[in-house]
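One structure is given below, encoded as structure tokens.
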Amino acid sequence: MPLPSPWLHEAIARIEADYQRSADTHLIPLRLPAFAAHGIDLYLKDESTHPTGSLKHRLARSLFLYALCNGWVHEGSTIVESSSGSTAVSEAYFARLLGLPFVAVMPRSTSPEKVAQIEFHGGRCHFVDSAGAVYDAARAIAEETGGHYMDQFTYAERATDWRGNNNIAESMFTQMAREPHPVPRWIVVGAGTGGTSATIGRYVRYQRHATQVCVADPAGSVFSAYHRTGDAQLTAPGSRIEGIGRPRVEPSFIRTLVDRMVDVADCESIAAMRALSQLLGRRVGPSTGTNFVAMLALASEMRERGERGSILSLLCDAGERYLPTYFDTAWVDRTFGDCSAAQQKMDALLG
């Protein structure tokens, strides 16, 4: 077997140097008097500050290192991914870092804003007619070009070292160390691939923490039904909250690592996104709103039981990339209908 090429060594070195130049993301305490008065503290880890603006920056870096070290990516390889969202933006960034062509396979309905972000980082977008067609199209392009299909939905749960090595779980617990309740009662995440919930779930068990993992699942996603039944053949219409929820059970979603699912209606996600944006004085994306709904539900249950502790979740990405959609009232009304009742309920809960 030939020795690894100088290009491979240089590619890994470039990714590691890029990582070394990056500071860790900030942990934001949420000041919610209705819960703080009962000894319940809420936090968000702000993943929007990565160079590509989302949590998926971590995933893309892990996927590239995993593919490189497995010998799947070589000098000149075309990188292909089935993604219309933040994963494609982040993978385009790393492909450009290594001087590799990148193709994102996505539905024709993808917003022009996301297409522009991918192209900004040097990627090319290939459009298909439906979300379900992205997988086969991505494989076909990788085969035609002699490239590599990253396949985030398969490899997200195994590309990251879940035992530590500064993964997101280790970072969370390190940053919580001096807080009043340093070991969270709950960690709340969404699931697109399922990779984040798998990494956190494994790390929590490995470290023997008394923390449970909750996945906030948007309407139309299959994950909640799969978690209940264990039937991997289930399908669903698909989520309308960008970045999370899937129409099919993805290989990276490991149900045995998830302690609780919270189903979140679309208008609840929108209302929570708006309320949290006002609370923080900055816009957050809709999947962060979904997370916030589940955080508040868990905090309310803890308050009713007289429990004290902390709840930690993710600020997945900034809301600026959703200005023409989720932050546009007319678009929300057309897409989701009247969300005023959900907004009133959210405002009352936050007091």
Side-chain angles (χ1 to χ4, degrees), residues 1-22 47 50-52 54-106 117-118 121-126 134-169 191-199 202 243 246 250-254:
M1 181 179 294
L3 293 173
S5 69
W7 180 88
L8 174 62
H9 288 168
E10 175 64 19
I12 294 172
R14 286 188 184 185
I15 293 176
E16 291 295 280
D18 181 81
Y19 169 70
Q20 194 65 33
R21 291 191 292 267
S22 300
E47 293 294 288
H50 287 293
T52 53
S54 82
L55 167 66
K56 298 300 185 180
H57 194 84
R58 294 179 188 269
L59 172 60
R61 180 171 58 223
S62 294
L63 288 169
F64 267 86
L65 288 172
Y66 191 71
L68 286 163
C69 292
N70 279 329
W72 298 340
V73 171
H74 310 280
E75 185 174 7
S77 293
T78 296
I79 305 300
V80 186
E81 185 59 280
S82 51
S83 170
S84 61
S86 297
T87 302
V89 176
S90 297
E91 287 189 13
Y93 171 93
F94 284 104
R96 184 171 67 175
L97 183 69
L98 303 186
L100 302 176
F102 176 75
V103 180
V105 181
M106 62 187 65
Q117 289 173 2
I118 293 164
H121 290 292
R124 176 172 69 85
C125 298
H126 177 89
V134 296
Y135 310 96
D136 290 341
R139 292 188 189 94
I141 293 171
E143 186 174 345
E144 291 165 7
T145 61
H148 174 63
Y149 173 33
M150 278 292 189
D151 194 1
Q152 60 167 324
F153 297 108
T154 295
Y155 297 110
E157 58 89 7
R158 67 195 73 169
T160 299
D161 184 354
W162 49 267
R163 289 165 294 189
N165 194 22
N166 199 34
N167 66 33
I168 190 166
T193 62
T196 302
S197 60
T199 296
R202 288 169 175 154
R246 297 296 301 166
E250 302 295 352
S252 280
F253 183 81
I254 312 299

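Bear in mind that the values here come from a model prediction, so they are computed numbers and not experimental data.
- A pairwise comparison of heavy atoms in Asp136 and Arg139 identifies OD1-NH1, 3.1 Å as the closest pair.
- Interatomic distance, Thr52 OG1 to Arg58 CZ, rounded to the nearest 0.5 Å: 11.0 Å.
- Within the 3.5 Å criterion, the main-chain N or O of Gly194 finds a donor-acceptor partner in the side chain of Ser197.
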Legend entry - Step-by-step side-chain contact (heavy atoms from CB on, under 4.5 Å) determination, Ile79 to Val103: CA-CA 6 Å; Ile79 305 300; Val103 180; over 6 Å; no
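- Atom-to-atom distance recorded for Thr154:OG1 and Leu63:CG is 10.5 Å, nearest 0.5 angstrom.
- Scanning for side-chain contact (heavy atoms from CB on, under 4.5 Å) contacts around Glu10 gives Arg14, with sequence neighbours left out.
- Thr160 pairs in a side chain to side chain contact (heavy atoms under 4.5 Å, CB included) with only one of the listed residues (Thr196, Ile168, Thr199), which is Thr199.
- Residues passing the ring pair (Phe, Tyr, Trp, His ring centres under 6.0 Å) test with Phe153, sequence neighbours excluded: Tyr135.
- Note that CZ of Arg61 and NZ of Lys56 are 14.0 Å apart. Values are rounded to the nearest 0.5 Å.
- Within the structure, salt bridge (charged side-chain N to carboxylate O under 4.0 Å, His left out) pairs that include any residue of residues 70-95 do not occur (at least two apart or interchain).
- Atoms CG and CZ, from Asp18 and Phe94 in turn, are 5.0 Å apart once rounded to the nearest 0.5 Å.
- Here the closest non-hydrogen pair linking Cys69 and Ile12 is SG-CD1, 3.9 Å.
- Residues satisfying the side-chain contact (heavy atoms from CB on, under 4.5 Å) criterion with Ala104, sequence neighbours excluded, are Ala88, Phe102, Met106, Ile118.
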Inset, instruction - Apply the test side-chain contact (heavy atoms from CB on, under 4.5 Å) to residues Leu68 and Trp7: give CA-CA distance (whole Å), side-chain angles for both, the deciding distance (0.1 Å), then the verdict. - result: CA-CA 10 Å; Leu68 286 163; Trp7 180 88; 3.7 Å; yes
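- Looking at residues two or more places apart in sequence or on another chain, you find a side-chain contact (heavy atoms from CB on, under 4.5 Å) between Ser252 and Ala156, Glu157, Thr193.
- Side-chain atoms of Thr87 do not come within 3.5 Å of backbone N or O of Ser83 as any donor-acceptor pair.
- Between Ser77 and Pro101 the shortest heavy-atom distance is O-CD, 3.5 Å.
- The ring pair (Phe, Tyr, Trp, His ring centres under 6.0 Å) test applied to Trp72 returns Tyr66, His148, Tyr155, not counting sequence neighbours.
- Using cut-offs of 30° and 60° for the angle between ring planes, the His57 and His50 rings count as parallel.
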